[in-house]
Amino acid sequence: MSGTEQKHYLDDLDACLLFDTYFGADKTIAKKELLEDPMSFLYKLFSSGSVKGETLINLSVGSDMSKIFVAADFFKNIILLESSDCCMKAIESWIRNEPGAAEQSHAAEFVCSLIGQSAGYKEQEEKARRAIKQVVKWDITKENPLGAVVLPQADCIVIVYYLELVCKDNDMYINLLKKLLSHLKIGGHLVMMAATNASYYMVGQHKFGALNHNEEFIQKAVTEAGCTIVSTETHRSKFKSPLTEYESIAYFVCRKDRVV
């Protein structure tokens, strides 16, 4: 690989190293911006009762389970979609609580602080494991990413940093978003967190490409995919590092109003 060539999310990404690099317990600004702030956002949103139901579909990156620690208090059935075989193995290893799985207790502890518990992070992790009913391959190389798998219609779909990491252009982004939202009930909610104007991220010595897109494009994409935007907010990044480059973290809450 040349010095300027960037790898893609599906190219043997080390899921545990990705988590440790950007979401690990020893991080400061990165942990707050990329891990804790999104968890706080989800907790406030779900606690308000404006986004609710029984079934939630989640797409995050790497082996990150942090959003599930929040969702498990509000949704009985959680389905994880993942496009990378390496990341699927890491997720399944965490669910089985195997030695060497990504250490995520600090994220569970943070959820406990949100709900006012001084302890109990192990139970929060177990609650998340019990709530996860399926881990399904979402194969973006196929026209039908689920293959023969049939999913129940979800009340909520949560997408965190996923589309900008797996999509190579805007058309692919919109196409994948439409396919994902075909599994969301009419009246259900899409909750999306995105790193805008991103260009790359490092995992170990490898540089991975990211789709450079802004809030206006995301608004266009979710509207084209059949949703009405309920609320948005954008937080300019304070995490300055040679490990990655992006401008802001954007939060979108959308309601599906029509089938496209």
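For reference, positions follow the sequence shown, starting with 1.
- Side-chain N or O atoms of S237 include one that pairs as donor or acceptor with a backbone N or O of F239 at under 3.5 Å.
- Here the CG atom belonging to L80 is positioned 5.5 Å from the CD1 atom belonging to I95, to the nearest 0.5 angstrom.
- With values rounded to the nearest 0.5 angstrom, N214 atom CG is found 11.0 Å from K220 atom NZ.
- Within 6.0 Å of atom NZ in K133, more than 12 heavy atoms from other residues, nucleotides or ligands are found, so the atom counts as buried in its surroundings.
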Just do the side-chain hydrogen bond (donor to acceptor under 3.5 Å, both in side chains) check on D257 and T228 with the steps written out, would you? CA-CA 7 Å; D257 290 331; T228 296; 2.2 Å; yes

Under the side chain to side chain contact (heavy atoms under 4.5 Å, CB included) rule, what do L163 and L211 come out as? Steps first, then yes or no, please. CA-CA 8 Å; L163 289 169; L211 181 66; over 6 Å; no

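- Atom NZ of K240 has more than 12 heavy atoms from other residues, nucleotides or ligands within 6.0 Å.
- If you check the side chains of S199 and N212, you find no donor sitting under 3.5 Å from an acceptor.
- Hydrophobic clustering of Ile, Leu, Val, Met, Phe, Trp and Tyr side chains at less than 4.5 Å, counting indirect connections, unites F41 with I229.
- At most 12 heavy atoms of other shown residues, nucleotides or ligands fall within 6.0 angstrom of atom CZ in R236.
- Counting heavy atoms from C-beta on, the side chains of Y161 and S60 never come closer than 4.5 Å.
- Side-chain contact between V166 and L10 is absent, with no heavy-atom pair separated by less than 4.5 Å.
- Shown here for W94 and E125, the closest heavy-atom pair between the two residues is CH2-O, 3.8 Å.
- In this structure, C87 and Y9 have side chains that are in contact, with non-hydrogen atoms separated by less than 4.5 Å.
- Ring centroid separation for the pair Y246 and Y201 does not come in under the 6.0 Å cut-off.
- Between S248 and N197, every side-chain heavy-atom pair lies at or beyond the 4.5 Å cut-off.
- Salt bridge status for K207 with E5: absent, with no side-chain N to carboxylate O gap under 4.0 Å.
- Both M39 and I57 sit in one connected hydrophobic cluster of ILVMFWY residues. Membership requires side-chain heavy atoms under 4.5 Å apart, directly or through other members.
- Between M172 and the choices N175, N170, I174, D169, the side-chain contact (heavy atoms from CB on, under 4.5 Å) rule is met once, by D169.
- Counted within 6.0 Å of NZ on K52, heavy atoms from surrounding residues, nucleotides or ligands total 12 or fewer; the atom is thus considered open.
- A side-chain donor from one of S93 and E98 sits under 3.5 Å from a side-chain acceptor of the other.
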Go through the steps for V61 and Y22 under the test side chain to side chain contact (heavy atoms under 4.5 Å, CB included), then give the verdict. CA-CA 11 Å; V61 294; Y22 297 99; over 6 Å; no

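- In terms of hydrophobic clustering, with Ile, Leu, Val, Met, Phe, Trp and Tyr side chains grouped at heavy-atom distances under 4.5 Å, I157 and V260 are assigned to different clusters.
- Using a 4.0 Å cut-off between a side-chain N of Lys or Arg and a carboxylate O of Asp or Glu, R129 and E126 qualify as a salt bridge.
- T234 places no side-chain N or O within 3.5 Å of a backbone atom of A250 that could act as its donor or acceptor partner.
- Rounding to the nearest 0.5 Å gives a distance of 10.0 Å between CD of E82 and CD of E92.
- Shortest non-hydrogen contact noted between I249 and E33 is CG1-CG, 4.1 Å.
- The ring of Y251 has its center closer than 6.0 angstrom to the ring center of H235.
- In this structure, a donor-acceptor pair under 3.5 Å is absent between the side chains of T55 and Q153.
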For side chain to side chain contact (heavy atoms under 4.5 Å, CB included), just list the numbers for F23 and K31, CA-CA rounded to whole Å, side-chain angles, deciding distance to a tenth of an Å, and then say yes or no. CA-CA 5 Å; F23 310 112; K31 184 177 70 171; over 6 Å; no

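- The ring of F208 has its center no closer than 6.0 angstrom to the ring center of H8.
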Chi angles and distances behind the side chain to side chain contact (heavy atoms under 4.5 Å, CB included) call for Y173, F217: CA-CA 10 Å; Y173 186 107; F217 169 75; 3.5 Å; yes

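- The distance from the CD atom of Q6 to the NE2 atom of H206 is 13.5 Å, given to the nearest 0.5 Å.
- Atom-to-atom distance recorded for S83:OG and L59:CG is 7.0 Å, nearest 0.5 angstrom.
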In residues 179-195, what donor-acceptor pairs under 3.5 Å come from side-chain atoms, sequence neighbours left out?
| from | atom 1 | to | atom 2 | distance (Å) |
| --- | --- | --- | --- | --- |
| K179 | NZ | E143 | O | 2.6 |
| S182 | OG | K179 | O | 2.6 |
| K185 | NZ | D155 | OD1 | 2.9 |

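- By the rule that hydrophobic residues join a cluster once side-chain heavy atoms approach within less than 4.5 Å of another member, L243 and L13 end up as members of one cluster.
- When side chains are defined from C-beta on, Y162 counts as touching I159, because their heavy atoms get closer than 4.5 Å.
- Checked by atom type and distance alone, the side chain of S47 never pairs as donor or acceptor with a backbone atom of K44 at under 3.5 Å.
- The backbone N or O of V136 lies less than 3.5 Å from no partner atom in the side chain of Q134, so there is not a single donor-acceptor pair.
- Among all heavy-atom pairs drawn from L176 and C167, the shortest one is CD1-SG, 3.8 Å.
- Residues V51 and C156 form a side-chain contact, since some pair of their non-hydrogen atoms from C-beta on lies under 4.5 Å apart.
- Both V158 and F110 are members of a single hydrophobic cluster when ILVMFWY side chains are connected at heavy-atom separations under 4.5 Å.
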Side-chain donor-acceptor pairs of residues 62-77 under 3.5 Å, sequence neighbours excluded:
| from | atom 1 | to | atom 2 | distance (Å) |
| --- | --- | --- | --- | --- |
| D64 | OD1 | S66 | N | 2.9 |
| D64 | OD1 | S66 | OG | 2.7 |
| D64 | OD2 | S66 | OG | 3.3 |
| D64 | OD2 | K67 | NZ | 2.8 |
| D73 | OD1 | K127 | NZ | 2.5 |
| D73 | OD2 | Q124 | NE2 | 3.0 |

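- S241 places no side-chain N or O within donor-acceptor distance of the main-chain N or O of T244, the cut-off being under 3.5 Å.
- Remark: the backbone N or O of S105 is paired with a side-chain donor or acceptor of E103 at under 3.5 angstrom.
- Note that CG of L146 is 5.0 Å distant from CH2 of W138, once rounded to the nearest 0.5 Å.
- Residues L81 and N58 are not in side-chain contact: their nearest non-hydrogen atoms beyond the backbone lie 4.5 Å or more apart.
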